[in-house]
Amino acid sequence: MSGLLDLVPEALDGRLLFAIPKKGRLYEKALELLAGADIQFRRSNRLDVCLVQNHPIALQVPVVFLPAADIPSFVGKGNVDLGITGHDVILESSMSELVTETLRLGFGACALQVQVPEASSIKTVDDLAGKRVVTSFEVLSGKYFQELDDRLGLQGEERTKIEYVGGSVEAACALGLADGIESGETMRAAGLHAIGTVLQTQAVLIKSSTPKHAHLTPLIERITKRIAGVIASTKYILCQYNIPRAALPKAIEITPGHRAPTISPLDDEDWVAISSMVEKKKVADVMDQLVDIGAEDVLIVRLDNCRV
């Protein structure tokens, strides 16, 4: 990336750099998130940098160019101002002290698990201690099994052997290369099952803990708020309905809103209109409860973005 930036210094001067994963489980969701935050850009073929059209941001669009594993390092060292990557990637790259996780994004969730063959005599993580484990998460697995070995008092050659495998981790047990694996992917098809969970992870928005460009702080905060609004809009809907005034106290209990419901008078003095934010996962139950207390004209409005 440094070579690329050297080629176009004038175009990037004074702009905020925003890195997203170039492929994999986070890529499509990251693009949707940016679209929801109205960060507009167009990528020409074979270019490493896209200039955002409606903000002073140079967006490192990694459709081809920036692996998720590299993003914590670029952000932590201040070469990039904002980035989207996995929480597990930050820990694995040992960049936790150099980056700040500003938002959990609610996608890309998975579990980093310890898995063994279903037919194995190994039933617990303790049974695996002192044996061979292959993983593509060498740092996280090393720490996990170091703590396990310490707890069990294993020394020297007794301790668990960690071996790095960049791909085809699920094949290692079948080929006799390991007694267990650590993986973030589902391995049931490979005849494996989980005996422990090392980490629950998801995509996060990160910034440098010691940013190099102080003048970009207001813009970083603005973009962060926009993205937070998109995330909130995926969790909430707007519920609007009419209710007899006499049932208003019960209605407020059912739909208290994020801060408080909006209550508006109607031409009929015995009725009021209510508008309130409701969690999406609760919307069906809320509608049932509202109808039970006499609500009418119950409408559900989807949110594309919001500020809460």
Side-chain angles (χ1 to χ4, degrees), residues 1-2 17-30 33 60 62 65-116 125 128-129 131-151 159-173 177-187 190 192 194-210:
M1 178 173 172
S2 59
L17 291 174
F18 194 150
I20 62 173
K22 70 176 184 179
K23 62 180 181 179
R25 58 190 173 91
L26 304 184
Y27 166 66
E28 292 290 347
K29 288 293 185 179
L33 189 65
Q60 174 70 21
F65 312 107
L66 194 55
D70 293 342
I71 292 177
S73 178
F74 279 111
V75 174
K77 295 176 182 177
N79 301 112
V80 172
D81 303 287
L82 283 174
I84 293 175
T85 189
H87 173 65
D88 56 318
V89 176
I90 297 170
L91 298 179
E92 181 65 20
S93 59
S94 301
M95 297 297 293
S96 298
E97 296 184 1
L98 296 181
V99 304
T100 299
E101 297 185 16
T102 57
L103 290 174
R104 293 192 173 190
L105 302 179
F107 62 82
C110 71
L112 177 60
Q113 297 179 318
V114 182
Q115 304 194 15
V116 297
V125 174
L128 189 58
K131 296 181 171 58
R132 298 170 300 168
V133 176
V134 297
T135 179
S136 55
F137 297 89
E138 197 171 14
V139 173
L140 286 169
S141 60
K143 181 180 178 181
Y144 180 83
F145 282 99
Q146 179 181 350
E147 294 174 353
L148 177 65
D149 290 346
D150 289 344
R151 178 170 60 82
R159 297 177 74 85
T160 307
K161 289 80 176 174
I162 306 296
E163 298 181 14
Y164 175 79
V165 176
S168 301
V169 178
E170 68 276 12
C173 290
L177 301 178
D179 301 293
I181 68 168
E182 272 201 331
S183 173
E185 302 295 332
T186 301
M187 295 295 179
L192 303 172
I195 59 173
T197 298
V198 177
L199 180 71
Q200 296 285 348
T201 183
Q202 63 174 290
V204 292
L205 178 69
I206 60 174
K207 65 179 181 179
S208 175
S209 298
T210 55

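For reference, positions follow the sequence shown, starting with 1.
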Q: Please report the closest heavy-atom contact between Met95 and Gly76, naming both atoms and the distance.
A: CE-CA, 3.9 Å
Q: Just so I know, are the side chains of Asp149 and Gln146 near enough to count as touching, which here means a heavy-atom distance under 4.5 Å?
A: no
Q: If I compare all heavy atoms of Ala203 with all of Leu26, which pair ends up nearest, and what's the gap?
A: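 That closest heavy-atom pairing would be CB-CD2, 3.8 Å.
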Q: To the nearest 0.5 Å, tell me how far Thr85 OG1 sits from Leu105 CG.
A: 10.0 Å
Q: Between CZ of Arg132 and OG1 of Thr160, what distance do you get to the nearest 0.5 Å?
A: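 Between atom CZ of Arg132 and atom OG1 of Thr160 there are 12.5 Å.
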Q: Looking at every heavy atom in both Val89 and Ala69, which two are closest together, and how far apart are they?
A: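 The answer is CG1-CA, 3.4 Å.
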Q: Would you give the length of the straight line joining atom CD1 of Ile90 to atom OG1 of Thr100, rounded to the nearest 0.5 angstrom?
A: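 Answer for the CD1-OG1 pair, Ile90 versus Thr100, is 9.5 Å.
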Q: Can you tell which of Ile84, Asp81, Leu98, Val75 makes a side chain to side chain contact (heavy atoms under 4.5 Å, CB included) with Ile206?
A: Val75
Q: Does any N or O in the side chain of Glu92 come within less than 3.5 Å of the main-chain N or O of Leu140, such that one atom is a donor and the other an acceptor?
A: yes
Q: Going by side chain to side chain donor-acceptor pair (under 3.5 Å), name the pairs with one or both residues in residues 197-208, residues two or more places apart or in two chains.
A: Asp88-Thr201
Q: Indicate yes or no: at least one non-hydrogen side-chain atom of Arg151 is less than 4.5 angstrom from one of Glu147.
A: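 No, too far: nothing below the 4.5 Å cut-off.
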Q: Any side-chain heavy atom of Tyr144 sitting closer than 4.5 Å to one from Val125?
A: yes
Q: With a 4.5 Å cut-off on side-chain heavy atoms, are Val198 and Ser141 touching?
A: no
Q: Compare every heavy atom of Ile71 with every heavy atom of Pro21, then report the nearest pair and how far apart it is.
A: N-CD1, 3.7 Å
Q: Sorted by first residue and then second, give each salt bridge (Lys or Arg N to Asp or Glu O under 4.0 Å) pair with at least one member in residues 96-114; sequence neighbours left out.
A: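 Residue pairs passing salt bridge (Lys or Arg N to Asp or Glu O under 4.0 Å), neighbours aside: none found.
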Q: Within a strict 4.5 Å, meaning less than it, do heavy atoms of the Phe18 and Leu205 side chains meet?
A: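 Heavy-atom side-chain distance check passes, below 4.5 Å.
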Q: Indicate yes or no for a side-chain donor-acceptor contact from Thr135 to the backbone of Tyr164 under 3.5 Å, with no hydrogens or angles considered.
A: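 No: the side chain of Thr135 does not pair with the backbone of Tyr164.
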Q: Can a donor-acceptor pair be found, under 3.5 Å and without considering hydrogens, that links the side chain of Lys161 to the backbone of Arg159?
A: yes
Q: Which heavy-atom pair separates Val139 from Ser94 by the least distance, and what is that distance?
A: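 Where Val139 meets Ser94 most closely, the heavy atoms are CG1-OG, 4.0 Å.
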Q: Do Leu199 and Phe137 have side chains that get closer than 4.5 Å, going by heavy atoms?
A: no
